[in-house]
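Nothing here was measured: the structure is a model prediction, and the numbers come from that model.
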Amino acid sequence: QVQLVESGGGLVQPGGSLRLSCAGSGNSFSTYTVAWYRQAPGKERELAAKINKWLVPNYGDFTRRRFTISRDNAKNTIYLQMNSLEPDDTGVYYCSATDGAGREYWGQGTQVTVSS
């Protein structure tokens, strides 16, 4: 089974930056569509960014061109670079992967808190 481990979250001031990492597993990981989702306190999970094996990205509306998703296939790792962070970006960020059969896998999440 695919395992996903997120890291890189923490406390940052408004206007600051963070880079989240998600380490995946499996010899087919580079072919999976991978994504980052945010779950804000009391809110439903929503898409931050996703990227497929062709490196075509899609971004959720709330990111407003402040975030960049990328992947390093040699390391089976995906990244979310977050710039110009705002308090409303606060939440638990989850990494997901969708395999060739359409099955979804999820990591445990990493907390991002934007506060002064």
Minimum heavy-atom separation for [X] and [Y], please, with both atom names.
| X | Y | value |
| --- | --- | --- |
| Ser25 | Gln1 | OG-O, 4.1 Å |
| Pro57 | Leu55 | CD-O, 3.3 Å |
| Asn52 | Thr33 | CB-OG1, 3.6 Å |
| Pro41 | Gly91 | CD-CA, 4.3 Å |
| Arg38 | Thr90 | CD-O, 4.0 Å |
| Met82 | Val112 | CE-CG2, 3.9 Å |

Is it true that Trp36 and Ile51 fall in one hydrophobic cluster, defined by side-chain heavy atoms closer than 4.5 Å? yes
Have a look at Lys53 and tell me which of Thr31, Val34, Asn73 forms a side-chain contact (heavy atoms from CB on, under 4.5 Å) with it. Thr31
In Å and rounded to the nearest 0.5 Å, what is the [atom1] to [atom2] distance from [X] to [Y]?
| X | Y | atom1 | atom2 | answer |
| --- | --- | --- | --- | --- |
| Asn27 | Asn76 | CG | CG | 9.0 Å |
| Lys50 | Ile78 | NZ | CD1 | 11.5 Å |
| Leu80 | Tyr93 | CG | OH | 7.5 Å |
| Tyr94 | Thr110 | OH | OG1 | 10.0 Å |

For residues 13-25, which residue pairs qualify under salt bridge (Lys or Arg N to Asp or Glu O under 4.0 Å), counting only residues two or more places apart or in two chains? none
So does [Y] get a backbone contact from the side chain of [X], meaning a donor-acceptor N/O pair under 3.5 Å?
| X | Y | result |
| --- | --- | --- |
| Ser84 | Arg66 | no |
| Glu6 | Cys95 | yes |
| Arg103 | Ala97 | no |
| Ser116 | Gln13 | no |

How about CZ on Arg64, more than 12 heavy atoms from neighbouring residues, nucleotides or ligands closer than 6.0 Å, or not? yes
Count the heavy atoms of every other residue, nucleotide or ligand shown that sit under 6.0 Å from CD of Gln108, and state whether that count exceeds 12. yes
Listing request: all ring pair (Phe, Tyr, Trp, His ring centres under 6.0 Å) pairs with a residue in residues 13-32, at least two apart in sequence or in separate chains. Phe29-Tyr32
Would you list the pairs meeting ring pair (Phe, Tyr, Trp, His ring centres under 6.0 Å) in which at least one residue belongs to residues 37-77, sequence neighbours left out? Tyr37-Trp106, Phe62-Phe67
Any side-chain donor-acceptor pair under 3.5 Å between Tyr105 and Asp99? yes
Determine, stepwise, if the pair Val12 / Ser17 fulfils side-chain contact (heavy atoms from CB on, under 4.5 Å). CA-CA 7 Å; Val12 64; Ser17 297; over 6 Å; no
